[in-house]
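Working notes for the structure below.
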Amino acid sequence: MSRLVVVSNRVADPRKAAAGGLAVALGDALHTTGGLWFGWSGHVVEGGAAGEGELHLQQAGGVKLATVDLSAEDHAGYYLGYSNGVLWPVFHYRLDLARFDADYIGAYRRVNQLFARKLMTLLKPDDIIWVHDYHLIPLAAELRARGARQRIGFFLHIPLPPQQIMTAIPQHEWLMRAMFAYDLLGFQGEADLQNFSRYVQAEAGAEDLGDNRFRAFNSTVKAGAFPIGIDVDEFAELTHAREAGDMYERMREEYSRRKILLGVERLDYSKGLPQRLRTFKALLKKYPENLGSATLVQIASPSREDMGTYSDLRQEMESLCGAINGDFGELDWMPVRYIHRNVARKRLPGLYRVARVALVTPLRDGMNLVAKEFIAAQDPADPGVLVLSRFAGAAERLEGALLVNPYDTDGSADTIQQALQMQLPERQARHQRLLAQIRTQDVHWWRHSFLQALAEAPVNA
Ligand code: GDG
């Protein structure tokens, strides 16, 4: 069997309990197949030369970890700049938040070249290379330029926006050409796949060869939708472990007379947090029977804190939470419990299980694994209700969730009220459907179907 080589911005030791959807899913993939995981070490070398960085090798069980340091200049331009200041906002349909600084692209290109150079020294001829996410779009082109002939696949964890948005990126043609250096392009949902198909036909005159194969720039690329899932059994096991059990009991005791609404995410503007708080406020106003009872527990784990847009969001959240608690709170009831810290992964299932309603209401999300974790952690005999944004990739398949438009404050408040009032038989029936779905397309299915499609794709080398 060919060795699997995974390349992603960050690398996590698969033996450690990792936080974050990507780390969890990839650790799982490598654990099964064995192989090499390559990426940035997380170290920034002050005064280091641009485009240079030391390579570190480490064996983690059956998986070899190879990581490269970045100079401060490269980190600023590649990671904070182009990846998270241009591609992240634009791919989440937020042109208003993008900063098209001319210096960023040079650093983005340089780091992809650095990765390609270092990775080339580690590759074997029959490796299968799986590149992840927006940080590394040009990696295959850089590898091919250095003679790589292996099969190379790319999976985009975030959405791919429509043509009219993509084309606002000054370097979009270069990015599009780079995508054609892959043999397989994986997207989260059908909507992303359609956006890609329209975009490359309109902007590159790509020929549609049928079966989601496209020809342009003298290459043929196969594209597909591979919605990422979770390891349902592992998550169910976590749910029954001591840490989650303790969390569940503690919360149940503390909130015995309340109904918990739960939100869990990185503090990111794509997740629709201020909109959610305004909706919660509307719920309290419109349905006063929730006063003294409904409690929103919002975990917003710190993310990209060295970026201005993120610190603005933090301030906005603090002020919204303070205002709601000030306006509606009682001496013995606080409507919002806002926690801007990371919660240990082992405790999360206990929180999910104690919640009556999960609010997963991003303005735009590639997939959203929190929605799936919430489903996996429920007690089938007395499950909570999932309120899900129609703009999350997860909404394409999670039939059984209550879908909302997070921009529609009033409409969303009505739907949350419906969730709070939902009777047991309906909750059980919906949960059954949701559980069946996340079991069918779990993380093993995701990995297997992507790698199978990559093995069958025509090679561009
Ligand atoms: C990207 C895409 C796509 C959150 N807070 C804490 C914590 N988490 C964990 C959750 C979940 C993961 O982080 C978040 O995954 P999501 O999928 O919800 O969102 P992103 O981080 O934006 O991930 C997304 C994903 O990639 C995979 O392809 O679904 O659309 O944006 O696992 O549980 N974990 C811990 N403490 C927290 O406070 N331990």
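Atoms within a ligand are numbered from 1 in the order they appear, just like the ligands themselves.
Ring-centre distance between F154 and W130: not below the 6.0 Å cut-off.
Residue Q188 approaches ligand 1 through these ligand atoms, each under 4.0 Å from one of its heavy atoms: 3 (C), 28 (O). Residue G366 has at least one heavy-atom neighbour below 4.0 Å for each of these atoms of ligand 1: 30 (O). Near R345, meaning under 4.0 Å from any of its heavy atoms, are these atoms of ligand 1: 39 (N).
Heavy-atom separations between Y352 and ligand 1 include at least one value shorter than 4.0 Å. Contact between K271 and ligand 1 is present, with at least one heavy atom of the residue lying under 4.0 Å from the ligand.
At under 3.5 Å, not a single nitrogen or oxygen of I299, backbone or side chain, sits near a nitrogen or oxygen of ligand 1. Residue-to-ligand polar distances place V343 within reach of ligand 1: an N/O pair is separated by less than 3.5 Å. Taking distance alone, with nitrogen or oxygen atoms compared against 3.5 Å, M367 approaches ligand 1 more closely than that limit.
Heavy atoms from other residues, nucleotides or ligands lying under 6.0 Å from CZ of R250 number 12 at most.
The nearest non-hydrogen atom to atom 17 (O) of ligand 1, considering only D365, V264, L369, comes from L369.
Only the side chain of L348 comes within 4.0 Å of ligand 1, judged by heavy-atom distances. Contacts with ligand 1 closer than 4.0 Å are made by side-chain heavy atoms of W88 only, the backbone lying farther away.
Atom-to-atom distance recorded for R447:CZ and D442:CG is 8.5 Å, nearest 0.5 angstrom.
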